[in-house]
> 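Got a structure here, written out as structure tokens. Questions coming.
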Amino acid sequence: MPLWNEKRRILITCARGTPGILAGEIQALCFPVRASLETAVETEGTLADTLRLNLCLRTAQRILYLYDAFPAAQSQDLYRRLVKLPWEELIAADGFLSVTSSVDTAAVNDTRFANVKTKDAIVDRIREKQGRRPDSGPGRHGAVVHLHWEQDRCEVWLDTSGEPLSRRGYRKIPLEAPMQETLAAAVILATGWDGKGHLVNPMCGSGTVAVEGALVALGRAPGILRQNFGFMHILGFDRSAFEKQREDIKRAARGKAAGRIIATDIRAEAVEAAKQNARTAGVEHLIEFQACDFRETLVPEGEGVVILNPEYGERMGNVRALEETYKEIGDFFKARCMGYRGYIFTGNLDLAKKVGLRTKRRIPFYNGPIECRLLEYELYRGSRKGGTDG
């Protein structure tokens, strides 16, 4: 099908605070960066190119391929344009369709209306041409079409990811308030850690940071475990070519990491969950797990990074009770982590002041709607000292 080989705009969405990291990933895959937005990066390529992007990008959420763009001042303009497009060439009559949208226009006052109009136009066209229509619903397990309607401009995208790419497929036991996989990957990449030094992750929870770190250390593509993508449900998808591409990407990964990866948590059930998630991801052999207080975490000789994601009082824990925890993290850094770079991911900068160390960098991130910072501390060996600002 010609569309699979036609170069068009590709919009890759991501969490707020991470477009710069995502742009670096896109360029590393030899795709151009056309624009960086608040929650997305725009590149260009063919529909076939989106297979590699879906498999390899660590910080992307959804990969959207532009299908059509047109002016629409009123709701009826949307239906009239969409029903003329050859949807029967893209979506099987016995397939499944879901529609998502982002709408900011005076033409409609309810996003659900835009979704229904888009779905109606697509299935009406397919029924007219094929004599039957695909099933539809909110699940993203089949073909996914995304409508972006802003003011009097509509863009219709094919969502080649389907389910968000943060759902890697390995986190079977998430525990409470887990860090999303794509956010954990962004934190790892922001530290600059590439597997050559050690990665130490106290307070590991369900192990997401450690698992994503292992994938980075091996150079293993994060989408390898996924069994379903939106592009698989677009007519003309070549499964044999995709499987060959996936195998080639698998073979390009390294067999082992140069440094050690250590993950600990005071809760035995969290460590067991993290082990299971690492096992599902195929990296359990690379991670040394231990149930212990974070202050007792083994920090190997040499250099590397130490990353902690403590509670910060927004969704879990009591802020006052956490003040002592943050102070103890600072003590742990000073006593056990000399020669490393220390990182704390937190959404509470007042608590971070209790660490008692000067930050080298404060990297902005968002954990869902919560504005956070990844705080970097350079932990010098010997007697070098600086002021404190938390």
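We count residues from 1, following the sequence as given.
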> Is the closest side-chain heavy-atom distance between L66 and L11 below 4.5 Å?
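Answer no - side chains too far apart.
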> Give a yes or no on this: more than 12 heavy atoms of other residues, nucleotides or ligands lie within 6.0 Å of atom CD of E88.
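Yes, the 6.0 Å shell around CD holds more than 12 heavy atoms from other groups.
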> Any side-chain heavy atom of R171 within less than 4.5 Å of one from T208?
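R171 vs T208: side chains touch.
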> Holding to ring pair (Phe, Tyr, Trp, His ring centres under 6.0 Å), I want the full list of residues that pass it with F237, two or more places apart in sequence or in another chain.
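Ring pair (Phe, Tyr, Trp, His ring centres under 6.0 Å) check on F237 returns F231, F242.
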> May I ask you to test the S136-V99 pair for a side-chain heavy-atom distance under 4.5 Å?
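No, every pair of side-chain atoms sits at 4.5 Å or beyond.
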> With the threshold set at 4.0 Å, does a side-chain nitrogen-carboxylate oxygen contact exist between K275 and E272?
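Salt bridge present between K275 and E272.
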> For R167, give me all partners under salt bridge (Lys or Arg N to Asp or Glu O under 4.0 Å), at least two apart in sequence or on another chain.
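Applying salt bridge (Lys or Arg N to Asp or Glu O under 4.0 Å) to R167 gives E163.
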> Taking side chain as C-beta onward, heavy atoms only, is R220 less than 4.5 Å from V283?
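Heavy-atom side-chain distance check passes, below 4.5 Å.
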> Salt bridge check: are K129 and E89 linked by an N-O gap of less than 4.0 Å?
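No, K129 and E89 are not salt-bridged.
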> Rounded to the nearest 0.5 Å, how far does CG of N201 lie from CD1 of I287?
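If I round to the nearest 0.5 Å, the distance is 9.0 Å.
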> Does D120 pair with K117 as a salt bridge, N-O distance under 4.0 Å?
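A salt bridge is absent here (no side-chain N lies under 4.0 Å from a carboxylate O).
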> Hey, can you tell me if F294 and F332 have their rings parallel, tilted or perpendicular (30° and 60° cut-offs)?
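Ring orientation of F294 relative to F332: perpendicular.
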> Could you please spell out the steps behind the salt bridge (charged side-chain N to carboxylate O under 4.0 Å, His left out) verdict for R9 and E42?
CA-CA 7 Å; R9 289 168 57 202; E42 185 177 307; 3.3 Å; yes
> Output the distance between atom CD (Q61) and atom CG (D159), rounded to the nearest 0.5 Å.
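So the CD of Q61 and the CG of D159 are separated by 11.0 Å.
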> Among side-chain atoms of R140 and T100, is any donor-acceptor pair under 3.5 angstrom?
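No pair is found: no donor N or O on one side chain lies under 3.5 Å from an acceptor on the other.
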> Which atom pairs, donor and acceptor, lie under 3.5 Å between side-chain atoms of residues 28-40 and protein residues at least two apart or in another chain?
{"residue": "R34", "atom": "NH2", "partner": "E44", "partner atom": "OE2", "Å": "2.8"}
{"residue": "E38", "atom": "OE2", "partner": "R16", "partner atom": "NE", "Å": "3.2"}
{"residue": "E38", "atom": "OE2", "partner": "R16", "partner atom": "NH2", "Å": "3.4"}

